[in-house]
Each structure stands twice: as C-alpha cells, then as structure tokens.
Number of protein chains: 4
Amino acid sequence: MVSDRGVRRRRANGEESRRRILDAAVEIAGERGYEGTSIKLVSARCGLPASSIYWHFKDKDELIAAVIERSFGSWLGAMVLPDADDVADPAARERQRVRGLAAQVARSLLESPDFLRLGLMLALERRPEQPTARTVFLRVRQEARERVSAAITELAPELGPEQVELLSLYALAAADGLFIAYQIGGEEVDLLGLFELHAHALIDAVARLRGRPEV
Amino acid sequence: MVSDRGVRRRRANGEESRRRILDAAVEIAGERGYEGTSIKLVSARCGLPASSIYWHFKDKDELIAAVIERSFGSWLGAMVLPDADDVADPAARERQRVRGLAAQVARSLLESPDFLRLGLMLALERRPEQPTARTVFLRVRQEARERVSAAITELAPELGPEQVELLSLYALAAADGLFIAYQIGGEEVDLLGLFELHAHALIDAVARLRGRPEV
Amino acid sequence: MVSDRGVRRRRANGEESRRRILDAAVEIAGERGYEGTSIKLVSARCGLPASSIYWHFKDKDELIAAVIERSFGSWLGAMVLPDADDVADPAARERQRVRGLAAQVARSLLESPDFLRLGLMLALERRPEQPTARTVFLRVRQEARERVSAAITELAPELGPEQVELLSLYALAAADGLFIAYQIGGEEVDLLGLFELHAHALIDAVARLRGRPEV
Amino acid sequence: MVSDRGVRRRRANGEESRRRILDAAVEIAGERGYEGTSIKLVSARCGLPASSIYWHFKDKDELIAAVIERSFGSWLGAMVLPDADDVADPAARERQRVRGLAAQVARSLLESPDFLRLGLMLALERRPEQPTARTVFLRVRQEARERVSAAITELAPELGPEQVELLSLYALAAADGLFIAYQIGGEEVDLLGLFELHAHALIDAVARLRGRPEV
DNA sequence: AATGAATGAGGATTCATTCAT
DNA sequence: AATGAATGAATCCTCATTCAT
C-alpha cells in the first residue's frame, strides 16, 4: 500500500494538525473577520473535523488569538531597519535607510496581507466583550511601535519623547491606512509609491520637529 | 372608541420608523461590522419587531447599504475646504486652509465615528459575495477622493494628474489610519495632533512634488 | 379544501402552540429530567421546529421552569382537605378527613405522575448553576407545605409552631418517598395502601405530640 | 536517566487510578445525575485523561454502575440493627433499637449523601433504555429492604408476610423522602428529628397492625 | 404600515467513544 | 497501564427570512 493521505484516518500528529488549522484559519479570518470565520469553514479548509479543532483550541476565541499571535509575531520578526553603508552623506544615509524599511514593509504586505487585514478588522470592532485576539493584536502592535520609536530616536536623538511617540504613532497609523487603500483599490494602487511618499513625509516631519523645542 | 387607551399612541409613521431602524443599525454595525449586526439586535435596539424591519428594507444587505448611504453622505456634505482670507501670504494662506480642513475632519470623526468604522470594516473584508454596503462605501469614498483631488489641483495647479491622484490617495488613506489609531488608543491618542502632522506632511509633499516633473 | 392540519403551514396560533410545547415538554422532562430533555426531542413530540420553541421560550431553562409552573400549579389547585360531616365523633371525623386527603393525593399521583417526578429530579440535583425550574419547584412546594401546616393547625390547634412545621415536613417528605417507591415498583406497589398507612402515622404522630409540651 | 525528573513519579497503578476515577464519578454523578455526568468532567476532576477512563471501564454506563455498586454496597454494610441490652422492658428495648437504627441511617446520610442522591435520580428516570446503574441500584436497594423485613419479623413475629412487606416498603420509602427533604432544605432541616419521628411512626404502625388480622 | 408566529439552515460547542502508539 | 489525537452525532441556540393577518 502506498499511503493513507487524503482518505483514511491519518496518523495522529498534533503539531502538524495544529499548524494546518492555523493555516486555514489565518486565510479565512483574514478574508472575513472574526464573525465571518466559522469553525465549519476552517474545518472544511484544513480537512479536520470541527470537533478536532476543539482538541487543539479551547474555543473560537482562542483559535483566532493564536492566529494573530503566530502570524503577526513572525511578521514582526522579519522587519529590520536596513543598513546603507555605501552612502557617504549621513543625512542621505538615514533617508536611504528609512526608504528601505518602508519598501520592506510595503513588500511584505503585498505578499501576506491576511494577518494585518484581520488585525485591523479586530481593532475596529467595538463589542461589549472584545475577543482575545484583539488584545493580542494590540499587544504585538505595541511592540512594533516601540521598535519604530527606537529607530526614530536612533535617527534623531535630540527629539523629546513625546515627539517621538507622536511620530511613531503617525508612522504606523498612516501605514495602516496605506495598506487599506491597497486592499480597496487592488493592483491599481501603487503601494510602493505610497510608502515611498510616506517615508519622505516622515523624514520631513522629523526634520521639522528637530527645528523646534518640544511643546 | 376603545383602542389606544393607556398606551402612547403609536402612529403608523413610516418615515419615523425607518429613521429609528437606521439609527439603531448604524450604531450596531459601527460596533460589530456586517456579520456582527443581526436583525434581532437591531430590532431590540430600535424597539420594532424584526418583521417590521423587513417592511422597510428588503433584506439585511439593503439595510446596511442604507446605513452607509445615509451616514456617509451626510458626513461628506459637512466637509468643506475652509477659507482663510485674513492671511496675506498666499502660501501661508493655503497652509492655513489645509490645516483647517484637517482639523475639521478630525473633529467630525471624534464626534461620530460609527460610520467610518463600519465603512473601513466593510472595505477590509474579502468575501466571495461582497455586501452592497461595501460598494456603496467605496462609491461615496471615491466622491470624497475626487473632492480632495480638486482641492489639491486648486492649491497646486501645476501638478500632473497622476501626482494629484497619488497625493489625494495618500491624504485619505493616511487619514483612515489616523482614525484607526484613535479607535485603538482612545482618549490617549491626540487625534487633532495627528491630523495637524498629516496636514503638514501633505503640504510638504505637494511642495516636494512641485519641484520635479511628473514621472 | 378540507384543512391544513398535519402537513402544511398551520395558521399561526401562539396560545395553542405554547400549550403544545408545554404538553410535550412535561412528558419528556417527567421521563428524563432536565438534562435528558433535549429541545429536539420536544420539537419532535410537539410537531413544531426547534426554532419555534425559542419564539415561545427564551431558552431551555425557561421552558422547563414553565413546565413546573403550569403543572404543579394546577395540581396544587386540585388538592383540598375534604369534609366528613356524616361522621359523628369529632376525632373519628378528623381521622376520616386526613385519610380522605391522603387518598386524594395518592390517586392524583397515580393519574399524572410526570410533574412530581420532574420536580423531585430537579430537587435532587446539585449543580453549580441550578436551573430556574428547581427554584420554581421549591417555591410551589413551599406553598403546598404551608397548606399542610394550616390543615394541621386546624386539626390540632394546641400544637406549637415548631411541632406543626416538623409534622408538615414529615407529611410531605414521606409522601415523596412513597411516590418514588411507586415509581420504582410500578403496579406491584400498593400506593393507596402506603398512603393509608401514612395517614395513620400522621394522626398518631399528632396525637403523640399533643400529649407533651413543645421542647 | 533523563525521565521522571521534577515530576512526581506517576507509577502506573491500575488499582489507584480506578479508585480515583470512581471517587470523581461518585461526586459528579451525585450532583448532576446520569446525563449530567460527562466523561470530560470526570476526567477533569480525577486528573486522568478521558481515554484512560475507558481503559478501566467499558463505557459510561458501566462506570456509573460501578459507582453505585461500590458506594451503595459499602454503605449498606455499615448499617446494623443495634442492641439495647441495658433496657429491661422488652417493648421499650425494641423501641430503643429501632430509634438507634434510625439515628444511624440519618447520620450516615448526613455524612455521605452522594450515592443516595444519585440512586434516587436514577430511580426516578424513565427512559427507553435504562442505565445499568439503575438496575444495580434497585438490586442493592432490594437487599436493604429484605434486611428491614427481617428486622421487622424479628420484632413482631406474628405479622403476616404482606404486612411485613408493606411496613418495610413504608420504612424505606419514607426515609427516602426525609432524605430528599434534607437535600432541599439543607441545614435548616432537622434530619435527625425527622428520622426520630419516623421511627416512632414505624413502631406505632407495627403495634397497630399487630392488633388486627391481615386483610 | 405593521407584526406575531413560524421556519430551515447554520452557528459554536460538547458528547461518548475509538484508535494508534 | 495509559494517553494524545481524532471523530461523527448530538447539544443548545441564533440566523435571516417569510407569511398570514
């Protein structure tokens, strides 16, 4: 006999099943949000019966939270402020690094946009009982923001902490908006161009704030 | 006549009932998105039985579309590029007008954020059969963008159409992101400050693009 | 056309549907207790779809509570301490009346045992979250006990209140036990004989307590 | 060797695991009845995985039956008609012995009421396929009744067998009822007082039946 | 202009049980 | 002697919608 796959009872392998469930869930939740993600749909997409999903995750809430945890975490790990050693002028070099990061973010969002779409949908909801996934998203997002703040401080050490906070919030928030614009407009939207514009905007903003003492 | 005694006369008033339903629906849909908005919930919030909602609206799809239509339409009507006649220097005047508009938008979003939250949730979803409300939102949004394009052209007539398109998209998209940041962070987020920053970013971007021929 | 019954959409009649649901539920719950009463089973027995049951009752808890309320209430209404005017000797007359009531209770339990079986099952359960039906049962039962206390006071006014309470509790509690014995043993159990014995036991107990002052 | 460090050595000890399962099951089943006792709940309470329960017991039915067998059996073994040799008058001595037994039963029920609560719940249910546990309960109960019959015959040898049967049934059945009253009323119910009353009632009943030939 | 009642489909979740290891 | 993983059937309940009045 060749194999079992696809038809008969496959041998129990918790680790792999969990991964398959998460793979299915991230797609569906990224497309339809929290409510739109039915366990049956996930079950159909991953090939395991609905009741098996409950072996791996306590309930839907925990499943979606795990989706966010895994995908946002791994995404964040991939983002790094790049170097630009080949550029002589320091100001130009920093500009180059910021534009590099912006391009990096833009490209990663073009590749795997599911988790951010899900995260933003969760962030927008205002139910009486917020899903755990929302909290998880906000937490991981906060990490991202701290990284951006650190990068800004590195680039412009003379800025006050409140200015840095405002700038990092603006950087992330506007990026979310650009992403949404791309979600809406599809291929017609020049996401790389928008992020390029945004990188310039940030650099100009840093320069402008540098010139005046914090309020 | 026997009837009506003791009870507040419930005049069969279609117009008012329709309004009550929409009022309830905009709240709930703004909190929970399309899927999260159940007819039963709307019925409970507006006090009319579920079947009455179906007298006024063909189905849920049409109801949510009407919500978007009404609320986004009326919001858009309120947004106008303000004048700043008291400022002498033309460049400074334009800067003043842009900042005025940004403040206007920020304030309006602080007041009634439900419709935009709903709109963005709809925009982010990717289901096989998109709700009509999504289409309606995208249409009204497109109107908004055309207005912004017109304003940019007014401010900087020498820009090429592609540059104007990119700028107007950036203006709107980033504004969405700032709104979301406020949704996430609540009172702690200085929405007016963010929009102020955004206004400057736009003006700087216009200035920068003015300097070079369109790509 | 003759009629609709049995097949097609019957005309909406809330009152009657509610009654049919309760009729089905009292049978099933009397047989299988709270957990054993599935909505699907009730639906099958009463002919209405499960979702229609939820039009009439908020949830299963409320349904079972309504079952207790209706059936125990109507049962209690039927129980009355009978007269025995034709007996000359006062002591013998009271004895006659007590035996008459015991026989009445025994006969009613032979006829419609469902509600008491359900009530006792509910009373025996000890879950963290007790069903409302249990509370309802205990309440109606308390009413029954107050009636018994009143009857005892009428028969033996010189008894102290604590003695009356003990006797009424004993009267009801032992009667429950006799009922259960009949449930277990079926036709072989002489329920009327047991209640006869119980009536004598109560009368003897009253006589015994009369003789001594309350502790 | 690497294994076992840090964890309490979990010796594979069938006997102890079986006991832990039964301990958990008697509690839960005593609280929630047959249907209310889920394998998962038992598993959670005893700390063993659900599949391990199936290693020790064929199915849920057998588990609950074993619960009844163990707990009711051991309870019954502890009940004995006590002696009262220090009392001179034979009639008074018998009375003393009966009251002693009643007190013994009452006290044992105050200590460990779970098994009787479960047994009575099982006895009350009327499902198409009765659980084995019910049969087991009825069997052990029948043993108890035979003991009571024997004791009555010892006390009053002149009673006919049908009278003895009626009396033993009344003795047990009413005792069940008193137990339930205690379950309902909790600490406020004077279970010992009720059993005292019941002992007197039985003695009086024996005396009364002694006086007349069997019907 | 409205509404009480009904309804099939689908929601999340738990059930008792089995099987491979 | 035990257990992690899996599974189909059943659980309670909500869904959007319709229909007769």
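Residue numbers start from 1 in every chain, and the chains themselves are labelled A, B, ... in the order their sequence lines are given, proteins ahead of strands. Predicted model only: the values in this text are computed from it and were never measured.
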> Judged by each residue's nearest nucleotide on DNA chain E, which is more toward the 5′ side, B:A50 or A:S51?
B:A50
> Where along residues 57-69 of chain A does a heavy atom fall under 4.0 Å from DNA chain F?
none
> Starting from P on F:dG4, measure out to CG on A:L48 and report it in whole angstrom.
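Value for this atom pair: 18 Å.
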> Closest heavy-atom contact between D:H56 and D:S17?
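So the minimum-distance heavy-atom pair works out to NE2-CB, 3.5 Å.
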> Could you state the atom-to-atom distance from CD1 of A:I21 to P of F:dT7 in whole Å?
10 Å
> Show the nearest heavy-atom pair for residues D:R32 and C:P128, with the distance to one decimal.
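So the two residues come closest at NH1-CD, 3.6 Å.
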> Could you go through A:R70 and A:F115, starting from their C-alpha distance and side-chain angles, then the distance that decides it, and tell me whether this counts as side-chain contact (heavy atoms from CB on, under 4.5 Å)?
CA-CA 9 Å; A:R70 189 187 69 160; A:F115 81 93; over 6 Å; no
> If I take atom CD in residue B:E15 and atom P in nucleotide E:dA1, what distance separates them, rounded to the nearest angstrom?
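Atom CD in B:E15 sits about 9 Å away from atom P in E:dA1.
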> Residues of residues 36-46 of chain B with any non-hydrogen atom less than 4.0 angstrom from an atom of DNA chain F: list those, numerically ordered, please.
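B:T37, B:S38, B:I39, B:K40, in order of number.
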> Determine the minimum heavy-atom distance between B:D114 and B:E27, stating which atoms define it.
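Heavy atoms only, the tightest pair is OD2-CA, 3.8 Å.
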> Starting at the 5' end of DNA chain E and moving along, which residue's nearest nucleotide shows up first, C:H56 or D:Y54?
C:H56
> Ignoring hydrogens, what is the shortest heavy-atom contact between D:G33 and D:T37? Give both atom names and the distance.
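Minimum heavy-atom separation between D:G33 and D:T37: O-OG1, 2.6 Å.
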> Once you measure the plane-to-plane angle for A:F72 and A:F137, does it fall in the parallel (<30°), tilted (30-60°) or perpendicular (>60°) bin?
parallel
> Pair C:I64, C:F57 - check side-chain contact (heavy atoms from CB on, under 4.5 Å), show working.
CA-CA 9 Å; C:I64 307 288; C:F57 302 93; over 6 Å; no
> Counting distance only, does the side-chain N/O of C:Q130 pair as donor-acceptor with the main-chain N or O of C:E125 below 3.5 Å?
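Side chain of C:Q130 to backbone of C:E125: a pair is present.
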> Which pair of non-hydrogen atoms, one from C:A24 and one from C:C46, has the smallest distance, and what is that distance?
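C:A24 and C:C46 have their closest heavy atoms at CB-CB, 3.7 Å.
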> Can you work out whether C:E35 or B:Y34 has the more 5'-proximal nearest nucleotide on DNA chain F?
C:E35
> Restricting to non-hydrogen atoms, name the atom on C:S43 and the atom on C:L48 that form the minimum distance, rounded to 0.1 Å.
OG-O, 2.8 Å
> Under the 3.5 Å rule, do the base of F:dA2 and the side chain of D:W55 count as making a donor-acceptor pair?
yes
> Dot-bracket, DNA chain E: Watson-Crick or G-U, under 3.5 angstrom, [ ] crossing, | other strand?
.||||||||||||||||||||
> Are B:R139 and B:E69 close enough, and set up right, to give a salt bridge (charged side-chain N to carboxylate O under 4.0 Å, His left out), and what steps lead you there?
CA-CA 10 Å; B:R139 169 165 49 75; B:E69 188 85 54; 3.3 Å; yes
> Round to a whole Å and report the spacing from CD1 of B:I53 to P of F:dA16.
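In whole Å, F:dA16 P lies 10 Å from B:I53 CD1.
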> For the pair made of CZ in B:R32 and P in F:dT14, what is the distance, rounded to whole Å?
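That distance rounds to 13 Å.
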